[in-house]
Asker: 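Can you read through this structure? Questions will come right after.
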Amino acid sequence: MSKLQPARGTRDIYGDEALGMNAVVDTFRRVAGSYGFEDLATPIFEFTEVFKRPLGEASDVVSKEMYTFEDRGGEEVTLRPEFTAGVCRAFISNGMQQNLPCRLMSHGPVFRYERPQKGRYRQFHQINAEMIGPETAEFDVDMVAMAWRLLCELGMRDKVVLHLNTLGDVESRAAYRDALVAYFSAHKDKLSEDSVRRLDTNPLRILDSKDEGDKVLVADAPLMSEHLNKESRAFFDLVKAGLEAAGVPFEHDERLVRGLDYYTHTAFEFITTELGAQGTVLAGGRYDGLIEKLGGSKVAGVGWAGGIERLAMLTTIVPEVARPLFMLPMGEAATLKAFALAEDLRAEGYTVIADRSGNLKKRLTRASKANARFAVILGDNELEAGMVMVKDLDRGTQDQVTFDALTAAVVE
RNA sequence: GCGGGUGUAGCUCAGUUGGUUAGAGCGCCAGUUUGUGGUACUGGAAGUCGCCGGUUCGAUCCCGGUCACUCGCCCCA
């Protein structure tokens, strides 16, 4: 066995898994395209500031999960740990605010230094959609509806549940945060160690603690919905009404939160029970403060990201692979003629695999394994007669046809 | 970063209560068929039992470390 192995948390992707992941990306691009989204490919690495500033120095992602290094020119750069910050940077860099709202879709690898588990890697892949500009709730509905449509097309309608919540606007959120801190501080002695720490760093996170003792306290904790101001309540009501109108089923989950401060209003996660602790398959929300934090103007945004590996593990769609045609020339002259015939067939849209090594038996075996429908046998006998032998591997029949008739003879 | 489990052929896994040549199925290669596949039969190749060290007359097996995977926590897609 080879000692060469990929670095921890990275993998080689091929075969069925590659097909599945491509199917997820293809479906995503088609669905998002149908909502008017356009492609944006941002760099895989950015200046570290791009991620550090919006995510916050104290956040886990920045403080211990980023792949940050100094390049040969002395610049501090970071492999992207997520898409949103880079997309917003691109939005600012390219003056996209001239044409709002911007609908931008991206996909590709992202990097986080974490302890790997199934469905959780250091280099993993995301699909990402951002809508930048809109301040009203109808756009949140569009984004969630688009995610739901994608998941349905991937055959996951019955495998995921949409958890939906609101974080309110800045004012409501701050009020709620204060209420939570007051409540949990009064019961600090009963909180888990993790949650005592969260009381300082990220009190909202206590709400989704998995500690049994915490859960008892959380059950009686104040609710976000009780601390929403009028505007925030109206915003959330509109999101819910819109989703109902669009036919998107959801659960209002008061415990669903976001850690970072620039998140406002809508937060949502599509969760499955089929992947253990890695149950979140697609998640997003509104980030009205992010662009400004990055140095842009005050522009709102709403977006989501999905984990391609996790989605590929759950999708039921079977990618269609074109059945190849095997070209089996025997002898030098036949090999040369086969080049021409193969090019003709490819020009007609066929997938042609030229198999020139080994005896005919071996080559037919390979053709069968490759799920080929036809094998085109071209030896000296055929060449002299100006013909090729076309073997139908499904039926086991074969016929000689002229070179010109080949294309017509291999129609399935 | 913290705690638990696992690591034997390309793949899925048996097995050795520490002992001489480590097994199966699938896959691969070859033959029965020197120009005809998928089935069948016959034969074959392939493993420093993850890596390093310790204990022992002797370690794939016991112990320690390490690497990787895996389950949970943290965090998150």
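We use all heavy atoms of the structure for the numbers below, so side chains are in, but hydrogens, waters and symmetry mates are not. Nothing here was measured: the structure is a model prediction, and the numbers come from that model. Residue numbers begin at 1 in each chain, while the letters A, B, ... track the order of the sequences.
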Asker: Under 3.5 Å, is there a donor on one side chain and an acceptor on the other for A/E274 and A/T272?
Answerer: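 A/E274 vs A/T272: no donor-acceptor pair found between side chains.
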Asker: Decide yes or no for A/E49 and A/E76: does some side-chain heavy atom of the first lie under 4.5 Å from some side-chain heavy atom of the second?
Answerer: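 Sidechains of A/E76 and A/E49: no contact.
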Asker: Would A/R103 count as a cation-pi partner of A/Y35, with NZ or CZ less than 6.0 Å from the six-membered ring centre and within 45° of the ring normal?
Answerer: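 Checked: cation-pi criterion not met.
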Asker: If only side-chain N and O atoms count, and only distance matters, is there a donor-acceptor pair under 3.5 Å linking A/D140 with A/T266?
Answerer: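 Yes, a side-chain donor-acceptor pair sits under 3.5 Å.
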Asker: Is A/D39 paired with A/R29 through a side-chain N to carboxylate O contact shorter than 4.0 Å?
Answerer: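 Yes.
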Asker: If the sugar-phosphate is the primed atoms plus P, OP1 and OP2 and the base is the rest, what is the B/S/- string for nucleotides 35-40 of chain B, using protein heavy atoms under 4.0 Å?
Answerer: BBBB--
Asker: Counting side-chain heavy atoms from C-beta on, which of B/rC76, B/rC75, B/rG27 comes nearest to A/R310?
Answerer: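 For A/R310, the side-chain atoms sit closest to B/rC76.
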Asker: Rounding to an integer number of angstrom, what distance separates B/rA68 and B/rG50 when you compare their C1' atoms?
Answerer: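 Roughly 8 Å separates the two C1' atoms.
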Asker: Which whole number of Å gives the distance between the C1' atom of B/rG10 and that of B/rC28?
Answerer: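 Nearest-Å result for B/rG10 against B/rC28 at atom C1': 8 Å.
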Asker: How close or far is atom P of B/rC74 from atom CD1 of A/I206, stated in whole angstroms?
Answerer: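 Computing the A/I206:CD1 to B/rC74:P distance gives 12 Å.
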Asker: List every contact pair, protein side and nucleotides 67-69 of chain B side both N or O, where the distance is under 3.5 Å.
Answerer:
from	atom 1	to	atom 2	distance (Å)
B/rC67	O2'	A/Q5	OE1	2.9
B/rA68	O4'	A/Q5	OE1	3.4
B/rC69	OP1	A/G9	N	2.9
B/rC69	OP2	A/R8	NE	3.2

Asker: In Watson-Crick or G-U wobble terms, both distances under 3.5 Å, what is the partner of B/rG72?
Answerer: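 Pair assignment: B/rG72 / B/rC2.
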Asker: Identify whether any heavy atom of A/A283 sits under 4.0 Å from a base atom; if not, whether one sits that close to sugar-phosphate; answer base, sugar-phosphate or nothing.
Answerer: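 Here A/A283 touches the backbone only, sparing every base.
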Asker: Measuring only the P atom in each nucleotide, how far is B/rC75 from B/rG15? A whole number of Å is fine.
Answerer: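 Their P atoms lie roughly 41 Å apart.
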Asker: Taking atom types as modelled and ignoring hydrogens, do the side chains of A/T397 and A/D392 form a donor-acceptor contact shorter than 3.5 angstrom?
Answerer: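 Checked: A/T397/A/D392 side chains show no N/O donor-acceptor pair below 3.5 Å.
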Asker: Hey, does A/F83 reach any base, or is it just sugar-phosphate, or nothing, if we go heavy atoms under 4.0 Å?
Answerer: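 Nothing, no nucleic acid heavy atom in range.
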Asker: Using atom CZ of A/R205 as one end and atom C1' of B/rC75 as the other, report the distance to the nearest whole Å.
Answerer: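 One finds 7 Å between C1' of B/rC75 and CZ of A/R205, rounded.
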Asker: At 4.0 Å (heavy atoms only), tell me whether A/G284 reaches a base, stays on the sugar-phosphate, or touches nothing.
Answerer: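 The residue A/G284 makes no contact with any strand.
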Asker: Looking for any heavy atom pair under 4.0 Å, which part of the strands does A/R112 touch: base, sugar-phosphate only, or nothing?
Answerer: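 A/R112: base contact, heavy atoms under 4.0 Å.
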Asker: What is the distance from CG of A/D208 to P of B/rA77, rounded to the nearest Å?
Answerer: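 My rounded result for the distance is 12 Å.
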Asker: When the distance from CZ of A/F111 to C1' of B/rA77 is rounded to whole Å, what number comes out?
Answerer: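 Roughly 15 Å, once rounded to whole Å.
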Asker: With rounding to whole Å, what would you report as the distance between B/rG37 and B/rA22 at their P atoms?
Answerer: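 Comparing P positions in B/rG37 and B/rA22 gives a spacing of 38 Å.
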Asker: Side chains of A/T280 and A/E269 only: does a donor on one sit below 3.5 Å from an acceptor on the other?
Answerer: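 On atom types as modelled, these side chains qualify, holding a pair under 3.5 Å.
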Asker: If we call it a pair only when both distances are under 3.5 Å in a Watson-Crick or G-U wobble match, what pairs with B/rC26?
Answerer: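 Its partner is B/rG10.
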Asker: Please measure how far the P atom in B/rU12 lies from the corresponding atom in B/rU8, and state the result in whole Å.
Answerer: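 Here B/rU12 and B/rU8 have their P atoms 9 Å from each other.
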Asker: A/K210 has an atom NZ; how far is it from atom P of B/rG72, in whole Å?
Answerer: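 Checked: the NZ to P distance equals 9 Å.
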Asker: I need the CG-C1' distance between A/L191 and B/rC74, as an integer number of Å.
Answerer: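 A/L191 atom CG is separated from B/rC74 atom C1' by 16 Å.
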Asker: Given the P atoms of B/rC26 and B/rU33, what is the spacing between them in whole Å?
Answerer: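 That atom pair is separated by 24 Å.
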Asker: Which whole number of Å gives the distance between the P atom of B/rC11 and that of B/rC51?
Answerer: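 Pairwise P distance, B/rC11 against B/rC51, rounds to 15 Å.
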Asker: Send over the distance from A/K369 NZ to B/rC29 C1', rounded to a whole Å.
Answerer: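 About 10 Å, once rounded to whole Å.
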Asker: Compute whether any side-chain donor of one residue and acceptor of the other, for A/H107 and A/N128, lie under 3.5 angstrom apart.
Answerer: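 No, because no side-chain N or O of A/H107 sits under 3.5 Å from a partner of the opposite role on A/N128.
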Asker: Using a cut-off of strictly less than 4.0 Å between a heavy atom of the residue and any atom of RNA chain B, enumerate the qualifying residues of residues 29-46 of chain A by number.
Answerer: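 Of all residues in residues 29-46 of chain A, none places a heavy atom under 4.0 Å from RNA chain B.
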Asker: Given that A/E309 and A/S209 both sit by RNA chain B, which one's nearest nucleotide is further toward the 5' end?
Answerer: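 Counting from the 5' end, the first nearest nucleotide belongs to A/S209.
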Asker: Looking at A/E135 and A/R286, is there a salt bridge between them, counting it only when a charged N and a carboxylate O are closer than 4.0 Å?
Answerer: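 Not counted as a salt bridge, because no side-chain N and carboxylate O are separated by less than 4.0 Å.
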Asker: Verify the neighbour count for atom CZ of A/F37: are there more than 12 heavy atoms of other residues, nucleotides or ligands below 6.0 Å?
Answerer: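 Yes, because the 6.0 Å sphere around CZ of A/F37 holds more than 12 heavy atoms from other groups.
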